[in-house]
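If you read the sequence from its start, that first residue is 1, and numbering goes on from there.
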Amino acid sequence: MASRVHPLLVAFLALFLVGTCEARPAPGKAASSSSVVDGITAIYNFGDSISDTGNFLREGAAAGAMMEHTVAPPYGAAIGGATGRCSDGYLMIDYLAKDLGLPLLNPYLDKGADFTHGVNFAVTGATALDAAALARIGVTTPHTNSSLSVQLQWFKDFMSATTKSPAEVREKLASSLVMVGEIGGNDYNYAFAANRPRPGGRSAADVGRMMTGVVESVVLVPEVVRSVIGAAREVLEMGATRVVIPGNFPLGCVPSYLAAVDETEAAAYDGNGCLVGPNLFAQMHNVLLQQGIRELRRSYPEATVAYADYFGAYVRMLEGAREAGFDGAALTKACCGAGGGKYSFEMERMCGADGTAVCARPEERISWDGVHLTQRAYGVLAELLYHKGFASPAPVKFPRQ
């Protein structure tokens with residue numbers, strides 16, 4: 001009998017956490033409110049597909065089937081059309097902007113956009129480490145080279161172009177919220193992908209390649225965390241007074257991971273039906289990240305440096321899913337996908353491809369395409385993070401309702 005491969009190894013086959021979702025530009029701008037919440041007049045955001053509102057779309061860097069199937073609805077179906085957001089609608093960053101009474105963040109690469117109230121630098125597929133650093137261990141970045149360091153340079157270029165001095169930058173940042181991530185998950189996925197085995201492979205050679213990928217991913221964790229903390233340190237040095245640094249989601253709860261593993265042993269899962277192995281890996285990243293955040297707080301005691309617990313908020317959403325109106329029988333099923341199987345996810349047929357379909361009620365699903373979440377789920381997470389204490393210390397003091 002062939003030996004089974006541990007879920008942690010096979011889970012990294014789900015490279016699709018970096019799936020692209022290019023689309024046409026949004027038809028219009030969101031309205032701005034005249035009210036200012038807790039003195040915040042602008043948001044500056046760095047990250048990947050979790051918060052990209054159209055930069056990857058404008059890069060035009062990707063090619064192939066993923067682009068072909070995601071340039072149009074069903075992406076954006078809940079908001080009147082695809083905008084470059086990896087969801088059926090809005091993202092957490094959109095809900096946060098709305099709660100602050102600000103317009104939705106325009107992508108930096110939309111050169112004609114209004115950036116009065118902030119800029120979104122996030123790019124789908126982006127990595128925390130730059131392409132050269134990953135290349136040194138034989139890892140390529142297939143979707144974009146707009147890593148965190150590139151986004152940070154965009155930020156500096158923007159500040160230089162819109163202010164006259166470092167003092168004016170500091171004044172501008174004093175009334176701003178800076179989001180450094182979520183970013184880093186793609187680094188790990190690319191590392192494993194460079195050593196992925198042949199489909200269905202279970203030979204000693206296949207296991208060896210998987211082990212190499214996992215080891216490289218684990219080795220990358222301190223480097224990835226160092227990059228994120230380093231970027232946060234730079235914006236703090238420039239004068240940021242409120243910085244939010246998110247952790248990783250529980251990867252073992254994502255349909256793409258669950259489908260890739262398809263483990264039959266009950267011990268491989270926790271009480272929420274999530275794979276234990278990938279979740280432990282995500283927590284390893286999160287623990288190291290929080291250590292770095294504590295160091296930043298010691299170095300910048302006058303600033304608020306918040307940790308956004310994406311992992312904890314996601315688990316809380318799962319635990320209270322039925323009460324929140326989600327379909328309790330489909331908590332780990334993609335809404336848009338191939339439709340068959342336990343998770344409605346097939347790597348060969350991602351959302352938008354021939355043979356895929358959209359579920360009847362996306363608002364009752366957590367996962368949109370097996371990789372990214374629905375607008376409804378992002379809204380629940382934003383509420384948990386910024387109104388229910390999962391971002392700590394609270395980066396924004398919202399008025400009591």
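Side chain to side chain, Y75 and D369 meet the donor-acceptor criterion of an N or O pair below 3.5 Å. For the 3.5 Å distance criterion, the side chains of R85 and S87 fail to qualify, holding no donor opposite an acceptor.
Taking R294 as the reference, nothing meets the salt bridge (charged side-chain N to carboxylate O under 4.0 Å, His left out) condition, with sequence neighbours excluded.
Under the 4.5 Å side-chain criterion, counting only non-hydrogen atoms from C-beta, K156 is in contact with E234. Inter-residue side-chain proximity for L173 and T241 is flagged as unmet; no heavy-atom pair is nearer than 4.5 Å. Between V180 and V228, some side-chain heavy-atom pair lies under the 4.5 Å cut-off. Side-chain contact check for T332 versus Y269: every heavy-atom pair is 4.5 Å or farther apart.
The shortest heavy-atom contact between T304 and A394 is CG2-O, 4.1 Å. Contact record, V276 with D270: CG2-N, 3.9 Å, taken as the closest heavy-atom pair. The minimum heavy-atom distance linking R365 with K333 is given by the pair NH1-O, 3.8 Å.
Residue K172 qualifies as enclosed at atom NZ: its count of foreign heavy atoms under 6.0 Å is above 12.
For the atom pair F311 CZ and L289 CG, the distance stands at 13.5 Å (nearest 0.5 Å).
A distance below 2.5 Å between sulfur gamma atoms is not met by C336 and C359.
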